[in-house]
Amino acid sequence: QVQLVESGGGLVQPGGSLRLSCAVSGRIFSIKAMGWYRQAPGKRRELVARITVGGRTDYVDSVKGRFTISGDNAKNTVNLQMNSLKPEDTAVYFCNADLYAVLGRSDDYWGQGTQVTVSS
């Protein structure tokens, strides 16, 4: 019953901004961490940004200074503010959650993905 639903993707010109959101629903005991991954055509899926329940963040080097990840523990949501977008940011972005759906064991859950296209 655990579900992750992403929103906010779309088409934007280089230098523009987008804000992605991800909401977790279902039977969960707690969330350990959440993050955003992306996969471009012909490339492997990579971690873009991650945030722990304590608020600690990590970013892939290529987005540092441009992207900001944030979360709301009370609402079980995570956001990714993307500024100064580049064509190489074009990819399907996936929300990921490391959470306890069953007491005593944490597992990874994934959203369906949302398309981000940066093009003039």
Side-chain angles (χ1 to χ4, degrees):
Q1 291 185 333
V2 176
Q3 292 185 338
L4 280 66
V5 180
E6 305 103 330
S7 63
L11 175 65
V12 65
Q13 295 183 351
S17 299
L18 285 173
R19 186 172 185 266
L20 306 182
S21 297
C22 176
V24 180
S25 63
R27 296 180 181 178
I28 58 175
F29 289 97
S30 64
I31 297 176
K32 184 179 180 180
M34 294 185 68
W36 289 94
Y37 290 71
R38 67 185 180 188
Q39 187 166 23
K43 295 187 177 181
R44 301 176 67 182
R45 186 175 298 186
E46 67 172 352
L47 173 67
V48 179
R50 186 174 185 267
I51 185 169
T52 69
V53 67
R56 194 165 189 169
T57 60
D58 295 290
Y59 300 90
V60 66
D61 288 343
S62 61
V63 309
K64 289 181 178 178
R66 300 188 297 120
F67 292 10
T68 302
I69 189 169
S70 61
D72 187 332
N73 291 337
K75 297 181 179 180
N76 291 337
T77 60
V78 65
N79 303 305
L80 185 68
Q81 179 65 47
M82 304 185 293
N83 299 324
S84 301
L85 283 162
K86 304 175 180 179
E88 50 263 45
D89 295 318
T90 296
V92 177
Y93 284 69
F94 297 89
C95 181
N96 168 265
D98 181 6
L99 57 81
Y100 291 91
V102 179
L103 181 63
R105 191 179 80 182
S106 64
D107 293 293
D108 281 338
Y109 292 84
W110 295 89
Q112 299 286 77
T114 184
Q115 178 70 46
V116 172
T117 302
V118 185
S119 177
S120 59

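- The local environment of CD in Gln112 is sparse, with at most 12 non-hydrogen atoms from other residues, nucleotides or ligands closer than 6.0 Å.
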Next item on the list: Evaluate the criterion side chain to side chain contact (heavy atoms under 4.5 Å, CB included) for residue pair Tyr59 and Thr68; output intermediate values, then yes/no.
Entry: CA-CA 9 Å; Tyr59 300 90; Thr68 302; 3.9 Å; yes
Item checked: Candidate pair Val118 and Glu88, rule side chain to side chain contact (heavy atoms under 4.5 Å, CB included), full reasoning -> CA-CA 8 Å; Val118 185; Glu88 50 263 45; over 6 Å; no
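- For Ser84 against Ser17, the heavy-atom pair with the smallest separation is N-OG, 4.3 Å.
- Rounding to the nearest 0.5 Å places CG of Asp58 at 7.5 Å from CG of Leu47.
- Closest of all the heavy-atom pairs between Ile69 and Met34 is CD1-O, 4.1 Å.
- The distance from the CG atom of Leu18 to the CG atom of Leu85 is 5.5 Å, given to the nearest 0.5 Å.
- Within the 3.5 Å criterion, the main-chain N or O of Ala23 finds no donor-acceptor partner in the side chain of Thr77.
- Hydrophobic clustering (ILVMFWY, side-chain heavy atoms < 4.5 Å, transitive): Val12 and Val92 are in distinct clusters.
- Atoms CZ and CH2, from Arg50 and Trp36 in turn, are 15.0 Å apart once rounded to the nearest 0.5 Å.
- Here CG of Leu99 is found 8.0 Å from OG of Ser30. Values are rounded to the nearest 0.5 Å.
- One distance of note links CZ of Arg45 with CZ of Arg38; it measures 13.0 Å at 0.5 Å rounding.
- Aromatic ring orientation, Trp110 versus Phe94: perpendicular (interplanar angle above 60°, classes split at 30° and 60°).
- Nearest heavy-atom pair across Ala40 and Ala91 is N-CB, 3.8 Å.
- Taking the charged nitrogens against the carboxylate oxygens, Asp89 and Lys86 have no contact shorter than 4.0 Å, which rules out a salt bridge.
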Next item on the list: Just do the side-chain hydrogen bond (donor to acceptor under 3.5 Å, both in side chains) check on Asn83 and Gln81 with the steps written out, would you?
Entry: CA-CA 7 Å; Asn83 299 324; Gln81 179 65 47; 3.0 Å; yes
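- Checked by atom type and distance alone, the side chain of Glu6 pairs as donor or acceptor with a backbone atom of Gly113 at under 3.5 Å.
- Cluster annotation: Ile31 is not connected to Val102 through the hydrophobic network of ILVMFWY side chains, with a link wherever side-chain heavy atoms come within less than 4.5 Å.
- For CD of Gln3, the number of neighbouring non-hydrogen atoms (other residues, nucleotides, ligands) closer than 6.0 Å is 12 at most.
- Here CD of Glu46 is found 10.5 Å from OH of Tyr37. Values are rounded to the nearest 0.5 Å.
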Note to self: Val2 vs Asp107, test: side chain to side chain contact (heavy atoms under 4.5 Å, CB included). Steps then yes/no.
What the structure shows: CA-CA 11 Å; Val2 176; Asp107 293 293; over 6 Å; no
